[in-house]
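It should be emphasised that the depicted structure is a prediction, and the values quoted were computed from it without experimental measurement.
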Amino acid sequence: MSDFLRFVSHRIEDFAMQVTFSPLEGTGTVVYNLSLVRAADLEHTLSVFRATCEAGVSPSSLIRILFAGEEIDGFVIPPDQCGILTLCSTTLDGLLLQRGIPFNPIGGGVVEVADNIPKRFTHLIKYEYTTIDPLQVLVSQEITSVLQVMKNGNGSLLGNIRECHMEAEDDVEEVLEELTDGYFTGILDLGLPNTPCLGVAVDPQYMGLAALGGTNWMAALREEGINVIMQAMKGLTDISTMQFVSDL
């Protein structure tokens, strides 16, 4: 019998259950994205990543660099390339699950920003209908303007949204407060119960929680003309293997 298709919603739930990260202790496992750039572009790549973090358009400044020949989860970095691990926002879903907060991953898309304020999703791909990460698809469509958001506060960013049960509102806010220590700072909006979040409808008795996509800096790289190959939700790693880009 052939294997069933694994939709992104299933992958998110699988990875979320394996997250053990504790924001208060700074320990545990997190979900990572893996990007490949030419070794010759590494310094430029790091400068773009730092800039997106400083501008607040990347959810986390945690990073790990792998060089040609190094291996992670069975994948070997090709010759003349570097691998860059960054925090995937699915880690947030894992933190919600740890607290027993019921959540449903909705989708990933493009968020319109005006005067540095997230306004609405203009494009959205639902996780339950795709086997390819939506933000990975949208980066390839070249419909973001991350650099413009960084420059003048107007443009389009990548974001994702999940819904949490309204009875867990206090618990959700507690989790978000714990994340303000620098590990994850990419919350776009916490909607009201039974109310659309950035224009996306939620189920009855639920509220939306929108966050920055961990792939925004990759979109900025492409806007800069740097070739990058990305693999979203590549795997899990101990957070101790990563460091803040400001420490490099």
Peer 1: Is Tyr32 close to Asp73 at the side-chain level, that is, under 4.5 Å between some pair of heavy atoms?
Peer 2: yes

Peer 1: Give a yes or no answer on whether the side chain of Thr144 reaches the backbone of Ala219 with a donor-acceptor pair at less than 3.5 Å.
Peer 2: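 No: the side chain of Thr144 does not pair with the backbone of Ala219.
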
Peer 1: Looking at every non-hydrogen atom in both residues, tell me the closest pair between Ser89 and Phe184 and how far apart they are.
Peer 2: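 So the two residues come closest at CA-CE1, 3.8 Å.
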
Peer 1: Side chains of Thr237 and Arg64: does their closest heavy-atom pair fall under 4.5 Å?
Peer 2: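 They are in side-chain contact.
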
Peer 1: Aromatic contact between Tyr206 and Phe103, with the criterion being ring centroids under 6.0 Å apart: yes or no?
Peer 2: no

Peer 1: Does this structure show an ion pair linking Arg120 with Glu112, if we count only N-O contacts that are shorter than 4.0 Å?
Peer 2: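 Looking at Arg120 and Glu112, the cut-off is met.
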
Peer 1: Closer than 3.5 angstrom, by distance alone: can the side chain of Gln81 be matched with the main-chain N or O of Ala68 as a donor-acceptor pair?
Peer 2: no

Peer 1: Quick one: do Ile84 and Leu236 end up in the same hydrophobic cluster if we chain Ile, Leu, Val, Met, Phe, Trp and Tyr together by side-chain heavy atoms under 4.5 Å apart?
Peer 2: no

Peer 1: Do Gln243 and Leu248 have side chains that approach each other closer than 4.5 Å (heavy atoms only, starting at C-beta)?
Peer 2: yes

Peer 1: Under a 4.5 Å cut-off applied to non-hydrogen side-chain atoms, are Ile77 and Phe67 in contact?
Peer 2: no

Peer 1: With Ile12, which of Thr90, Asp133, Asn160 fulfils side-chain contact (heavy atoms from CB on, under 4.5 Å)?
Peer 2: Thr90

Peer 1: Determine yes or no for a side-chain-to-main-chain donor-acceptor pair under 3.5 angstrom, with Ser61 supplying the side chain and Phe244 the backbone.
Peer 2: no

Peer 1: Are the side chains of Leu221 and Thr45 in contact, using a 4.5 Å heavy-atom criterion?
Peer 2: yes

Peer 1: Do you reckon Leu96 sits in the same ILVMFWY cluster as Ile106, going by side-chain contacts under 4.5 Å, direct or chained?
Peer 2: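 No, because Leu96 and Ile106 fall into different hydrophobic clusters, even though each may have its own neighbours under 4.5 Å.
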
Peer 1: Could you grab the distance from atom CD of Gln231 to atom OG1 of Thr215, nearest 0.5 Å is fine?
Peer 2: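 Rounded to the nearest 0.5 Å, the CD-OG1 separation comes to 13.5 Å.
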
Peer 1: Quick check against the 3.5 Å criterion: does Arg11 have a side-chain atom that pairs as donor or acceptor with the backbone of Met233?
Peer 2: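 Checked: pair present.
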
Peer 1: Would you find a donor on one side and an acceptor on the other, under 3.5 Å apart, between the side chain of Gln98 and the backbone of Val19?
Peer 2: yes

Peer 1: Just wondering, do Glu128 and Phe7 contact through their side chains at under 4.5 Å, heavy atoms?
Peer 2: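 When only atoms from C-beta onward are counted, Glu128 and Phe7 do not touch, as no gap falls below 4.5 Å.
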
Peer 1: Tell me the closest heavy-atom pair linking Pro105 and Glu13, and the distance in Å.
Peer 2: CD-OE2, 4.1 Å

Peer 1: Testing the basics here: between Ser58 and Thr185, what is the closest heavy-atom pair and its distance to 0.1 Å?
Peer 2: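 Looking at all heavy atoms of both residues, the closest pair is O-OG1, 4.2 Å.
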
Peer 1: Below 4.0 angstrom, N of the basic side chain to O of the carboxylate: do Arg162 and Asp93 qualify?
Peer 2: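 Salt bridge between Arg162 and Asp93, a charged N being under 4.0 Å from a carboxylate O: yes.
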
Peer 1: Does the pair Ser22 and Thr27 meet the rule for a side-chain hydrogen bond (donor to acceptor under 3.5 Å, both in side chains), with working shown?
Peer 2: CA-CA 6 Å; Ser22 168; Thr27 60; 5.1 Å; no

Peer 1: Give a yes or no on whether Leu209 and Val30 share a hydrophobic cluster (residues Ile, Leu, Val, Met, Phe, Trp, Tyr; joining criterion: side-chain heavy atoms under 4.5 Å apart).
Peer 2: yes

Peer 1: Should Gln18 and Asp14 be marked as a side-chain hydrogen bond (donor to acceptor under 3.5 Å, both in side chains) after you check the CA-CA gap, both sets of side-chain angles, and the distance that decides it?
Peer 2: CA-CA 7 Å; Gln18 299 176 70; Asp14 286 349; over 6 Å; no

Peer 1: For Glu223 and Met218, what are the C-alpha separation, side-chain angles and deciding distance, and is it a side chain to side chain contact (heavy atoms under 4.5 Å, CB included)?
Peer 2: CA-CA 9 Å; Glu223 292 172 26; Met218 304 172 203; over 6 Å; no

Peer 1: With the 4.5 Å side-chain cut-off for hydrophobic clustering, are Ile161 and Val139 part of the same group?
Peer 2: no

Peer 1: Enter the distance from Asn216:CG to Leu158:CG here, rounded to the nearest 0.5 Å.
Peer 2: 4.5 Å

Peer 1: Taking the side chain from Thr86 and the backbone from Ile63, do they hold a donor-acceptor pair closer than 3.5 Å?
Peer 2: no

Peer 1: On a heavy-atom basis, which atom in Gly108 and which in Leu138 lie closest, and how many Å separate them?
Peer 2: O-CD1, 4.0 Å

Peer 1: Tell me, do Ile101 and His165 make a side-chain contact under 4.5 Å, heavy atoms counted?
Peer 2: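 Result no, sub-4.5 Å side-chain heavy-atom pair not found.
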
Peer 1: Test your reading of the model: is there a side-chain donor-acceptor pair from Asp115 to the backbone of Ile117, 3.5 Å cut-off?
Peer 2: no

Peer 1: For Val8 and Ile132, run side chain to side chain contact (heavy atoms under 4.5 Å, CB included): C-alpha distance rounded to whole Å, both residues' side-chain angles, the deciding distance at 0.1 Å, then the answer.
Peer 2: CA-CA 7 Å; Val8 173; Ile132 303 173; 5.7 Å; no

Peer 1: Is Asp171 reaching over with its side chain to a backbone N or O of Ala168, donor-acceptor style, under 3.5 angstrom?
Peer 2: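 No.
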
Peer 1: Ignoring hydrogens and angles, tell me if any N or O in the side chain of Asp189 forms a donor-acceptor pair with the backbone of Cys197 under 3.5 Å.
Peer 2: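 Not at all, since once roles are kept as given, no pair shorter than 3.5 Å links the two residues.
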
Peer 1: Tell me if a side-chain donor or acceptor on Thr52 pairs with a main-chain N or O of Phe49 at a distance below 3.5 Å.
Peer 2: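 Present.
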
Peer 1: Quick one, Lys234 and Asn33 - any side-chain contact, counting heavy atoms below 4.5 Å?
Peer 2: no

